[in-house]
Amino acid sequence: MLENIKKEVYEANMKLVEYGLVLFTWGNVSQIDRESGLVVIKPSGVPYEKMSPDDMVVMNLSGERVEGALNPSSDTPTHLELYRRFPDIGGVAHTHSTFAVSFAQAACGIPPFGTTHADFAFGEIPCTRDLTKEEIEGEYELNTGKVIAECFENGGIDYNAVPAVLVHSHGPFTWGKNGLKAAENSAILEEVAKMAYLSKTMNARQANENIINKHYFRKHGEKAYYGQ
């Protein structure tokens, strides 16, 4: 079932290793088949070097395992909630990459200091509010997804224009048209976070609105002209 997507999800998870974004068994990537409503995700706690496409787990959007001998990632409820709340996305990635996590642990969004950020996202990468005691002790992973969606909805942030978030005290989630794009966005987010950290240490100011708009819209939207 969904053999092509299993292969793509496996490859996307291995990209997290290639990009230097994960250690040990940390991190996960998933991808949804919108036609069937099924999600393929990395298994929980399996070392990357021991994984194969056949180990990927198929879930439905209700959180039921449809296929796979292994337990799905413990973050599966977060991924599923993002697919339910953000209907345009096709893949989700989660890492514990150093600089992005540092911003999350500081409960601080990543400001747009320059054009590299603007090429990636339209405005600040937001950080969610802290989860409550009840949310943590309840359905923690599901509530993490709900807090992410709440952050975007209450903040009037377009999840298509800002394909990343920092979960307070936790770390980054990114998304894209598929799992490979979500993994790529995790790598870009980490680089943007690193640049922002260094910029903050140099007391840099945010880039002006004109240059932010120029760089974002030359790559995104109907009037984009970057690339072939």
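Linking Ile, Leu, Val, Met, Phe, Trp and Tyr residues whenever their side-chain heavy atoms come within less than 4.5 Å places Phe86 and Val92 in a single cluster. No continuous path of hydrophobic side-chain contacts links Tyr19 to Trp175 [ILVMFWY only; heavy atoms under 4.5 Å]. When the side chains of ILVMFWY residues are joined at heavy-atom separations under 4.5 Å, either directly or via intervening members, Met1 and Val39 end up in two distinct hydrophobic clusters. Note on Val167: it clusters hydrophobically with Ile157, by side-chain heavy-atom contacts below 4.5 Å among ILVMFWY residues. In the hydrophobic clustering of this structure, Leu80 does not group with Met56; members are Ile, Leu, Val, Met, Phe, Trp, Tyr whose side-chain heavy atoms approach within less than 4.5 Å, directly or through other members.
Smallest separation of non-hydrogen atoms from Pro126 and Ala164: CD-O, 3.8 Å. The shortest non-hydrogen separation linking Ala182 to Gly176 is CB-N, 4.0 Å. For the residue pair Ser97 and Pro172, the shortest heavy atom distance occurs at OG-CG, 4.1 Å. A pairwise comparison of heavy atoms in Leu166 and Ile125 identifies CG-CG2, 4.4 Å as the closest pair. Taking all atoms of both residues into account, the shortest heavy-atom contact from Gly27 to Tyr48 is O-OH, 3.0 Å. Nearest heavy-atom pair across Val9 and Val29 is CG1-O, 3.5 Å.
Between the CZ atom in Phe122 and the OH atom in Tyr216 there is a gap of 7.5 Å [rounded to 0.5 Å]. How far OG of Ser186 is from CG of Leu21: 6.0 Å, rounded to the nearest 0.5 Å. Between the CD atom of Gln206 and the CD1 atom of Ile212 there is a distance of 8.0 Å, given to the nearest 0.5 Å. Atoms CD1 and NE2, from Ile188 and His117 in turn, are 11.5 Å apart once rounded to the nearest 0.5 Å. With rounding to the nearest 0.5 Å, the separation of CG in Asn60 from CG in Leu38 is 6.5 Å. Here the CD1-CZ distance, from Ile110 to Phe120, works out to 8.5 Å after rounding to the nearest 0.5 Å.
In this structure, Glu49 places its CD atom where more than 12 heavy-atom neighbours from other residues, nucleotides or ligands lie under 6.0 Å away. Around atom NZ of Lys15, no more than 12 heavy atoms belonging to other residues, nucleotides or ligands sit under 6.0 Å away. Crowding of Lys219 atom NZ: a count of heavy atoms from other residues, nucleotides or ligands under 6.0 Å exceeding 12. Residue Glu150 places its CD atom among more than 12 non-hydrogen atoms of other residues, nucleotides or ligands, all under 6.0 Å distant.
Two residues are said to be in side-chain contact when any heavy atoms from C-beta on lie closer than 4.5 Å; Pro47 and Phe24 fail this criterion. Cys127 places none of its side-chain heavy atoms less than 4.5 Å from the side chain of Cys108. Contact of the His168 side chain with the Leu131 side chain is not registered, since no non-hydrogen atoms from C-beta on lie closer than 4.5 Å. Two residues are said to be in side-chain contact when any heavy atoms from C-beta on lie closer than 4.5 Å; Thr144 and Glu139 fail this criterion.
Glu190 has no carboxylate O lying under 4.0 Å from a charged side-chain N of Lys194, or vice versa, which leaves the two without a salt bridge. A salt bridge is defined here as a Lys NZ or Arg NE, NH1 or NH2 lying under 4.0 Å from an Asp or Glu carboxylate O, and Glu11 with Lys7 meets this definition. Look at Arg129 and Glu135 and you find a salt bridge, because one of the NZ, NE, NH1 or NH2 atoms lies within 4.0 Å of a carboxylate O, short of that distance. Salt bridge Glu153/Lys146: absent, no basic N to carboxylate O contact under 4.0 Å.
The cationic group of Lys200 does not satisfy the cation-pi geometry with Phe103, failing either the under 6.0 Å distance to the six-membered ring centre or the 45° limit from the ring axis.
Between His79 and Phe173, the ring planes are perpendicular. Angles over 60° get that label, and only those under 30° would be called parallel. Between His96 and His170, the angle of the ring planes lies from 30° to 60°, which puts this pair in the tilted group.
Using modelled atom types, one finds no donor on one side chain facing an acceptor on the other under 3.5 Å when comparing Asn28 with His94.
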Quiz item: Could you go step by step and tell me if Val58 and Lys6 meet the side chain to side chain contact (heavy atoms under 4.5 Å, CB included) rule?
Solution: CA-CA 8 Å; Val58 181; Lys6 287 180 184 176; 3.8 Å; yes

